Amino acid sequence: MAAAVAAAPGALGSLHAGGARLVAACSAWLCPGLRLPGSLAGRRAGPAIWAQGWVPAAGGPAPKRGYSSEMKTEDELRVRHLEEENRGIVVLGINRAYGKNSLSKNLIKMLSKAVDALKSDKKVRTIIIRSEVPGIFCAANLPVPTIAAIDGLALGGGLELALACDIRVAASSAKMGLVETKLAIIPGGGGTQRLPRAIGMSLAKELIFSARVLDGKEAKAVGLISHVLEQNQEGDAAYRKALDLAREFLPQGPVAMRVAKLAINQGMEVDLVTGLAIEEACYAQTIPTKDRLEGLLAFKEKRPPRYKGE
């Protein structure tokens with residue numbers, strides 16, 4: 001546990017009180033028109049500050065959580081559009097080894113830019129979020145299906161970002177947990193809201209109160225992740241499973257996928273009657289599409305459909 005917590009500050013300290021909304025980068029909060037807070041300025045946070053988890057707000061009594069602000073310019077976010085049989089799958093690889101994948105100002109800017117571009121790209125069918133830093137995960141949710149591939153540590157902010165994804169898969173050796181209470185703070189990037197929705201209120205409270213760290217098998221047992229895999233020699237077992245899932249999604253109608261996600265997400269927040277009304281409204285959006293007609297024609301002609309997202 002001590003080792004896990006020692007590795008956590010990079011993830012724990014990465015969420016600014018206002019900027020935490022940014023984790024929005026890939027969460028359902030990031031809807032069209034929403035942008036990052038006007039200012040991300042703040043004190044540079046060194047190791048001692050990360051250990052405390054807080055940065056005092058200049059000129060004010062309320063503390064603010066800080067960003068790691070390393071002044072390095074290499075690619076912290078790698079956006080890869082896969083080709084050939086994987087066309088339509090986009091991989092967001094977080095590559096910030098020196099900061100344990102904590103959210104720097106530069107990474108936040110890159111995430112926001114990538115999300116804005118992907119939201120309007122009709123060619124994108126599924127997004128996989130992974131770490132390109134061995135042993136550490138930190139990620140993000142968009143209108144299309146998103147899969148978090150957890151091959152290493154996902155502590156604090158890292159798990160909160162994974163919780164913002166539609167589907168989570170992990171290696172059995174992965175470690176995940178909301179460990180903020182060990183630093184006398186609480187999850188501030190959606191953890192107190194998304195974890196109970198994922199595994200139930202009582203168990204979520206137990207995990208947050210205890211700051212317990214789960215491995216992949218334990219996470220699967222409580223319903224925190226959908227699939228658990230034995231880690232391979234390359235250290236990317238979760239990513240490979242995520243890619244398999246993404247390939248399963250590829251043949252489906254892209255408009256249908258988007259509105260199905262919308263119906264599920266919105267419906268889970270309301271009563272059943274209202275949820276059914278939301279489903280009806282979403283279903284109606286698919287009726288006039290060219291893809292629906294193509295699906296019917298392909299079924300009649302006994303051939304694979306050629307959807308265009310229209």
Side-chain angles (χ1 to χ4, degrees), residues 1-27 29 36-37 39-70 94 96 99-105 107-108 111 131 136-140 148 150 152-165 174-214 219 222 224:
M1 176 67 77
V5 174
L12 295 175
S14 64
L15 303 175
H16 185 289
R21 280 49 166 190
L22 156 104
V23 186
C26 296
S27 76
W29 301 336
L36 295 179
S39 173
L40 294 178
R43 281 180 53 184
R44 179 174 179 139
I49 298 290
W50 287 131
Q52 297 170 12
W54 293 95
V55 180
K64 292 185 178 180
R65 300 176 79 169
Y67 288 118
S68 172
S69 53
E70 307 285 351
I94 297 178
R96 199 164 178 271
K100 296 186 184 294
N101 277 359
S102 59
L103 298 182
S104 68
K105 293 179 182 179
L107 178 54
I108 288 168
L111 277 169
S131 169
I136 300 173
F137 171 84
C138 191
I150 307 171
L153 294 176
L155 303 176
L159 180 55
E160 288 179 302
L161 290 168
L163 283 166
C165 292
K175 301 294 182 182
M176 59 201 86
L178 297 180
V179 298
E180 286 88 342
T181 53
K182 279 192 171 294
L183 300 181
I185 57 177
I186 70 169
T192 63
Q193 303 306 304
R194 291 193 175 93
L195 187 61
R197 285 168 168 79
I199 65 173
M201 183 183 295
S202 180
L203 187 52
K205 286 179 177 178
E206 180 181 331
L207 295 182
I208 291 174
F209 294 166
S210 65
R212 188 179 304 156
V213 175
L214 306 179
V222 301
L224 179 56

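Here the structure is a predicted model, which is why all the values come from computation and not from measurement.
Within the 4.5 Å cutoff, the side chain of Ile186 has no heavy atoms near those of the Leu178 side chain.
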| query | Does the pair Leu207 and Leu214 meet the rule for a side chain to side chain contact (heavy atoms under 4.5 Å, CB included), with working shown? | reply | CA-CA 9 Å; Leu207 295 182; Leu214 306 179; 4.0 Å; yes
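Scanning both residues, Pro187 and Glu160, for their nearest heavy atoms gives CB-OE2, 3.2 Å. Across all their heavy atoms, Glu180 and Gly157 have their closest contact at OE2-N, 3.9 Å. Smallest separation of non-hydrogen atoms from Ala162 and Ile150: CB-CD1, 4.0 Å.
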Sequence neighbours left out, cut at 3.5 Å: what donor-acceptor pairs do the side chains of residues 199-206 make with other protein atoms?
unit_1, atom_1, unit_2, atom_2, d
Glu206, OE2, Arg212, NH1, 2.9
Glu206, OE2, Arg212, NH2, 3.0

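Rounded to the nearest 0.5 Å, atoms CZ (Arg194) and CG (Leu224) are 13.5 Å apart. Rounded to the nearest 0.5 angstrom, Lys175 NZ and Leu159 CG are separated by 14.0 Å.
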